[in-house]
Amino acid sequence: MKNLLIAGTDTNAGKTVLTTALFAYLRKYYPSRKVGIFKPLQTGEGDKELYSQLFSLNQSEITPLHFWAPLAPPIAAEKEGKEVDLKIVWQAFTKLQEQKDWLLVEALGGLGSPITYELTVADLARDWGLPTVLVVPIKLGCIAQVVANVALAQQSKVKLQGIVLNCVQPISELEIEELAPINLIQSLTNVPVLGIMPYLADAQDLEKLAQVAGNLELENLW
């Protein structure tokens with residue numbers, strides 16, 4: 001079984017784009033393998049609906065726990081008079097593991113994002129033994145963000161496989177080098193940068209997404 005958690009430095013880092021790209025790549029080049037997508041919990045609308053639209057996943061559920069308010073899970077749950085029941089999430093996760101050869105797990109927000117009042121995404125990655133890739137949006141201040149998230153990963157004993165830089169808007173090669181220099185990021189974090197995802201005007205072009213994933217150093221992910 002090969003699991004991978006796709007986490008980010010913050011919201012809108014590009015986790016969904018990378019998850020979709022990896023799924024498109026695996027589906028194209030390993031058609032005999034059973035690949036699944038799992039989002040442990042979701043607040044608001046978005047990823048679960050997108051994955052259902054793009055792929056025939058052949059799985060009973062993508063997201064076992066869902067709250068309507070687009071807020072941190074413990075806050076969103078309280079608004080509905082509920083709580084974040086991780087037993088439900090764990091049961092769905094272990095069931096899906098048994099059915100799939102590869103399982104892509106998309107995190108909610110960044111590694112420091114709260115899941116409950118006691119646990120963050122980093123805690124979940126550690127407790128569930130999930131190898132993790134960190135998606136970093138290329139923008140001013142991203143170096144500090146990646147350093148802080150890697151420090152949290154190390155503190156929480158998360159098995160961080162690598163970093164993927166993501167162009168969240170059209171950007172030149174010079175701007176990429178200035179805002180997110182790979183050598184500096186690797187030197188500060190001691191974590192390999194697996195590649196750069198270009199800006200995608202159409203983030204639902206599965207052929208292009210598979211190509212983007214193929215340009216990453218995927219051998220480091222599992």
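Just so it is clear, the model here is predicted, and its values are computed rather than measured.
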Legend entry - Chi angles and distances behind the side chain to side chain contact (heavy atoms under 4.5 Å, CB included) call for Val212, Met197: CA-CA 6 Å; Val212 166; Met197 288 196 297; 3.8 Å; yes
Legend entry - Derivation of the side chain to side chain donor-acceptor pair (under 3.5 Å) call for Glu83 and Tyr117: CA-CA 10 Å; Glu83 62 180 20; Tyr117 276 99; over 6 Å; no
Inset, instruction - List the steps and the verdict of side chain to side chain contact (heavy atoms under 4.5 Å, CB included) for Val84 and Ile115. - result: CA-CA 7 Å; Val84 179; Ile115 294 178; 4.1 Å; yes
Legend entry - Intermediate values then yes/no, side chain to side chain contact (heavy atoms under 4.5 Å, CB included), Val136 and Asn166: CA-CA 6 Å; Val136 181; Asn166 179 38; over 6 Å; no
Legend entry - Worked check of side chain to side chain contact (heavy atoms under 4.5 Å, CB included) between Thr9 and Cys142: CA-CA 8 Å; Thr9 51; Cys142 71; over 6 Å; no
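Judged purely by atom type and a 3.5 angstrom limit, Thr63 has no side-chain atom pairing as donor or acceptor with the backbone of Leu65. A donor-acceptor contact shorter than 3.5 Å links the side chain of Thr94 to the backbone of Gln91. Remark: the backbone N or O of Leu54 is not paired with any side-chain donor or acceptor of Gln204 at under 3.5 angstrom. Side-chain atoms of Gln161 never come within 3.5 Å of backbone atoms of Thr132 as a donor-acceptor pair (strictly under, hydrogens ignored).
Between Asp202 and Lys208, every side-chain heavy-atom pair lies at or beyond the 4.5 Å cut-off. The shortest distance between side-chain heavy atoms of Phe38 and Pro64 falls below 4.5 Å. Side-chain contact between Ile163 and Leu194 is absent, with no heavy atoms from C-beta onward closer than 4.5 Å. Residues Lys159 and Arg126 are not in side-chain contact: their nearest non-hydrogen atoms beyond the backbone lie 4.5 Å or more apart. A heavy-atom distance below 4.5 Å is not found between the side chains of Leu165 and Val135. Side-chain contact between Ser113 and Thr11 is absent, with no heavy-atom pair separated by less than 4.5 Å. Inter-residue side-chain proximity for Leu5 and Val121 is flagged as met; some heavy-atom pair is nearer than 4.5 Å. Between Thr120 and Leu124 the shortest side-chain heavy-atom distance does not fall below 4.5 Å.
Around atom CG of Asp205, more than 12 heavy atoms belonging to other residues, nucleotides or ligands sit under 6.0 Å away. Atom CD of Glu80 is surrounded by more than 12 heavy atoms from other residues, nucleotides or ligands within 6.0 Å. A 6.0 Å sphere centred on CD of Glu219 holds more than 12 heavy atoms belonging to other residues, nucleotides or ligands. More than 12 heavy-atom neighbours from other residues, nucleotides or ligands sit within 6.0 angstrom of NZ on Lys48. In the displayed structure, Leu174 atom CG is contacted under 6.0 Å by more than 12 heavy atoms of other residues, nucleotides or ligands. Counting heavy-atom neighbours within 6.0 Å of Asn190 CG, excluding the residue itself, gives a total of 12 or less.
Cluster membership for Leu179 and Leu184, using ILVMFWY side-chain heavy atoms within less than 4.5 angstrom, is shared. Hydrophobic clustering keeps Leu71 apart from Phe67 (ILVMFWY residues linked when any side-chain heavy atoms are closer than 4.5 Å, directly or through intermediates). Under the 4.5 Å side-chain heavy-atom criterion for Ile, Leu, Val, Met, Phe, Trp and Tyr, Ile171 and Ile185 are members of the same hydrophobic cluster. Clustering ILVMFWY residues whenever any of their side-chain heavy atoms sit less than 4.5 angstrom apart, transitively, puts Val147 in the very cluster that holds Val150. Criterion: ILVMFWY side-chain heavy atoms under 4.5 Å apart, direct or through other members. Under it, Leu206 and Ile6 are part of a common hydrophobic cluster.
Of the N and O atoms on the side chains of Glu106 and Thr16, at least one donor lies less than 3.5 Å from an acceptor on the other residue. Judged purely by distance below 3.5 Å, without hydrogens or angles, the side chains of Gln42 and Glu49 pair a donor atom with an acceptor atom.
Between Leu209 and Ala203, the shortest heavy-atom contact is CD1-O, 3.3 Å. Heavy atoms only, all atoms of each residue included: Val105 and Phe93 are closest at CG2-CE1, 4.0 Å. Taking each heavy atom of Pro114 and Pro73 in turn, the nearest pair found is O-CD, 3.3 Å. Taking all atoms of both residues into account, the shortest heavy-atom contact from Gly214 to Tyr25 is CA-CE1, 3.6 Å. Taking each heavy atom of Pro137 and Ala13 in turn, the nearest pair found is CD-CB, 3.6 Å. Nearest heavy-atom pair, Ile196 versus Cys167, reported as atom, atom and distance to 0.1 Å: CG2-SG, 4.0 Å.
Taking CG of Leu57 as the reference point, atom CZ of Arg27 lies at 7.0 Å (rounded to 0.5 Å). We find the CD-CD distance between Glu178 and Glu173 to be 12.0 Å, quoted to the nearest 0.5 Å. Leu104 contributes atom CG, which lies 8.5 Å from atom CG of Leu18 (distance to the nearest 0.5 angstrom). If you take CG on Leu111 and CD on Gln155, they are separated by 11.5 Å, rounding to the nearest 0.5 Å. Residue Leu103 holds its CG atom at 7.5 Å from CD of Gln59, rounded to the nearest 0.5 Å. The line from CD of Gln145 to CG of Leu140 is 10.0 Å long, rounded to the nearest 0.5 Å.
Checking Asn58, Leu22, Leu26, Asp101 one by one against Val35, the side chain to side chain contact (heavy atoms under 4.5 Å, CB included) holds for a single residue, Leu26.
The aromatic rings of Phe55 and Tyr51 sit parallel, their planes meeting at an angle under 30°, below the 60° perpendicular limit.
A salt bridge is absent between Lys15 and Asp10: the closest approach of a Lys/Arg side-chain nitrogen to an acidic carboxylate oxygen does not fall below 4.0 angstrom. In summary, Lys39 and Asp47 engage in a salt bridge, as defined by a charged side-chain N under 4.0 Å from a carboxylate O.
Taking the centre of each ring, Trp102 and Phe23 stay at or above the 6.0 Å mark.
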